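Scroll down for the structure; my scribbles are underneath it.
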Amino acid sequence: MELDKLPQFTEYEPRLSTWWVDNDFFKPNTNSTKKPFTIILPPPNANAPLHAGHALYVVEDILVRQARMEGRPTLFLPGTDHAGIETQFVFEKKLAEKGRSRLDFDRETLYKMIHDFVHKNRGIATSQLKRLGFSLDWSREKYTLQDDILKTVNATFKQMHDDGLVYRDERLVNYCTHCGTGFSNLEVDHKDSIGKLWHINYGPITIATTRPETIYADVAIAVNPHDDRYKDLIGQTATVPIINKKIPIIGDEAVEMDFGTGALKITPGHDVTDFEIGERHGLDRISVIARTGNMQNVPEFLEGMFPRQARKATIEKLTEVGALVKEEVYEHSVAICYRCKNVIEPLLVPQWFIKVESIVEKVIEKLDAGEVQVFPTRFDKDLRRWLETAPDWNISRQIVWGPRIPAWYNLTENPLIEVTFVDKNGKNVTGVYNDIKEDYSIDEIRNGLQSLVAPVNTPYVTEPPTPGAETTSLQNPYLQETDTFDTWFSSGQWPLTTLGFPDSDDYKMFYPTTVIDTMWDILAFWVMRMLMFGVYKTGEVPFEWIHMHSRVVDGKGAKMSKSKGNVVNPLEIVETYGADALRFALMFGIAPASDIPLGDEKLVGGRNFVTKMWNVSRFILGHTENIELPTEPPSGLTEDDKSIIEKYNTVLSKVSSIFEIDDADNADKFQFSRGLDALYDFMWNEFASVYIEQTKDRLAGDDTQSAQAALWTLMTVWTNSLKLLHPFMPFITEEIYQHLPTKNDESISISPWPERL
RNA sequence: GAGCUCGUAGCUCAGUUGGCUAGAGCGUUACAUUGACAUUGUAAAGGUCGUUGGUUCAAGUCCAAUCGAGCUCACCA
């Protein structure tokens, strides 16, 4: 029963991690009649290694390990996410390094290339999760793009469509006319730019604008209704110069009185603020910039120009007609394409939307009823605000990497659909089908298809019209929508899809899940969507608790970022200090949902604690050779023995109360730091520094009864303390447990949660 | 502009519903120790709990104001 001089965590941590999985300790014990405990792992990006934030899965692992020891059927289910935009972004960067672009490939080829790229990297994150010791049931691992998941995701879309919750509408998207595609906000760079602010006379009122080339798309002038200068003009008309179009003057509080002239030209087709004002007042949307980047719907002298040329020409014309009041230098930031650095135009592009109001109402009812609760409670307010102000959800993305929206258009019946494809000679073609149908067959378009844009009112079907034949039949005039689902549309159904909704045994047993734990930054994106899908599909919330964890920052409290160079790799920490030390550093002395400064001092502290555990165990085990360990509590316990047992009982209830999350009055729930602090103090100061010193003489003395009482107390209290510590620091506790004569179970991870002594 | 969080020892942070001489880790100082201890143990120094006012028998904790820091959302055409 000799232990090495030092704990060799680089040896035992990976060994135990594999051993746990190989022996199925993390598969749920479904024989128990206790209430199941379920956590679905928030899926990390399948394509990227873990970062420091992922180490916070330790919060979930602590809960899961404790529940497992309580004897509850406990499931911690792993999976990975295809991370649509981010992954395609990374892949395209790699393409760019080789001088290629996504526009060189048809969508099917591109999809396959990204798929292969992700497939190569998929193992990295999963092996890291294992190395960190998370007690996941790998036999149930899922991936967001696997067939059974997609089947449910598509079924949800169809159900929502049948319920009348799906519609198409035009919205402004960040569109790069040079690259011919839309981007998400994440993909847009901003550049400070010195431009000009032109003051232009519209008859009774003068406006200020940075974009005079869009005046042809103006549909109104807006002023602030509290603006004494202008409020009497509301209801009158103004005149767009050059084209002499009459437009109404309206009042809207979004207009800043202090900016420019205090009067704003409303151009819903080309500006996000204007779009919203236009929505409020029921105004038309006019597009004067085509997706090709050329001017359209403009006076003849501008036709076909690019916006920059049109701006110059418009200024000249305004000067000529005397409408230009003045121009001033103005600094602002403009959105530019991350790839080609050209200016991003907000353009009207048809998008897919989900009506959220009826679903959100039900979610709020569940919140009110306490069926789902938020910890810490201050985030309840945030969640409600997101729910109450949730606009209809744009679920479509103009990217390839993701589940393609299951809607099909009949091309011959809707020839105004615009298609972009690579023709059989490898050339990029964009055109309205009606204009190009003489030159290209539907098959040629389909085979090289990159994207299509169907006008908003184009009819569609939600099943492939000729199942299995849609990509081959010469007669088939249908093309599938090329937009893909927003990543959150599929990951929002994660608690359902991973458990095999609607009729699997797992779903019946483990849904609703117990806790979801994430950082607050995706409360609106992900947690809210899971609530919506859960309630919509099952009538039940997908989890009982929403637990918000902390953000990992560097040792000085600064946010980690690549540009600052202070990003830490959790696996490097594990190599240097051990996974237990990392887990300790993340939990010790931390208030719920506050920042976690992760510096070397903290990690050293964790490693030293591991060493301390080890040495205490060496001391106790060193005496099992010459003193017989009683199997029953001996009668001759001293005051010292009774005192340490009493202190153990106090710590036991303190640690246990962290996990009593169903108790409404329990102020200690989820207070991991308090439990760990108490354990640390007890094990190191009370037990090791005080009690062990008290026993040394007795263990070495001639009084066998006293020695046995001391050894029994040492061994019993220590074994139970290790069990209390196990959810927090699983490796060292398991490694020691395997050497204990008091070991009653194959693994400490499945041993019963200790009781009072 | 709206909202949220924070300001406690040299550093990083705890401090549950207000209640004994305000705590931890790291750091500092002194002494001890080859011990179960990549050291550890004992002890010490170090805080007007941002500032001001209020409620209370009692305030780090509640309220108001103020100063400072950080974050989120919305953003100026």
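Chain letters run A, B, ... following the sequence lines, proteins first, then strands; residues in each count from 1. Keep in mind the model is a prediction, meaning the values are calculated, not measured.
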Just call it for [X]: base, sugar-phosphate, or nothing, with non-hydrogen atoms closer than 4.0 Å on any strand.
X	result
A/K381	sugar-phosphate
A/Q8	nothing
A/R674	base
A/E693	base

Nearest-nucleotide pick for A/P7, side chain only, options being B/A77, B/A36, B/A38
B/A38

Taking only the side-chain heavy atoms of A/P597 (C-beta and beyond), determine which of B/C13, B/U5, B/C76 contains the nearest atom.
B/C13

Both distances below 3.5 Å, Watson-Crick or wobble geometry, any strand: find the nucleotide opposite B/A43.
B/U29

Is the shortest distance from a Lys or Arg side-chain nitrogen in [X] or [Y] to a carboxylate oxygen in the other one below 4.0 Å?
X	Y	answer
A/R211	A/D218	no
A/D668	A/R674	yes
A/D380	A/R384	yes

Whole angstrom value for the distance that separates [atom2] of [N] from [atom1] of [X]:
X	N	atom1	atom2	result
A/K612	B/C26	NZ	P	12 Å
A/D521	B/C71	CG	C1'	11 Å
A/F379	B/U72	CZ	P	12 Å
A/E253	B/C75	CD	P	16 Å
A/F588	B/U12	CZ	P	17 Å

Quote, to the nearest angstrom, the [atom1] distance that separates [N] from [M].
N	M	atom1	value
B/G46	B/U52	C1'	27 Å
B/A22	B/A64	C1'	25 Å
B/C49	B/C6	C1'	14 Å
B/A69	B/G15	P	24 Å

Is there a side-chain polar atom (N or O) of [X] under 4.0 Å from OP1 or OP2 of [N]?
X	N	value
A/S689	B/U40	no
A/N685	B/A24	no
A/S594	B/A14	yes
A/W684	B/G25	no

Could you please spell out the steps behind the side chain to side chain contact (heavy atoms under 4.5 Å, CB included) verdict for A/R529 and A/W393?
CA-CA 10 Å; A/R529 266 68 190 259; A/W393 178 12; 3.1 Å; yes

Side chain of A/T611, base of B/A38: donor and acceptor closer than 3.5 Å?
yes

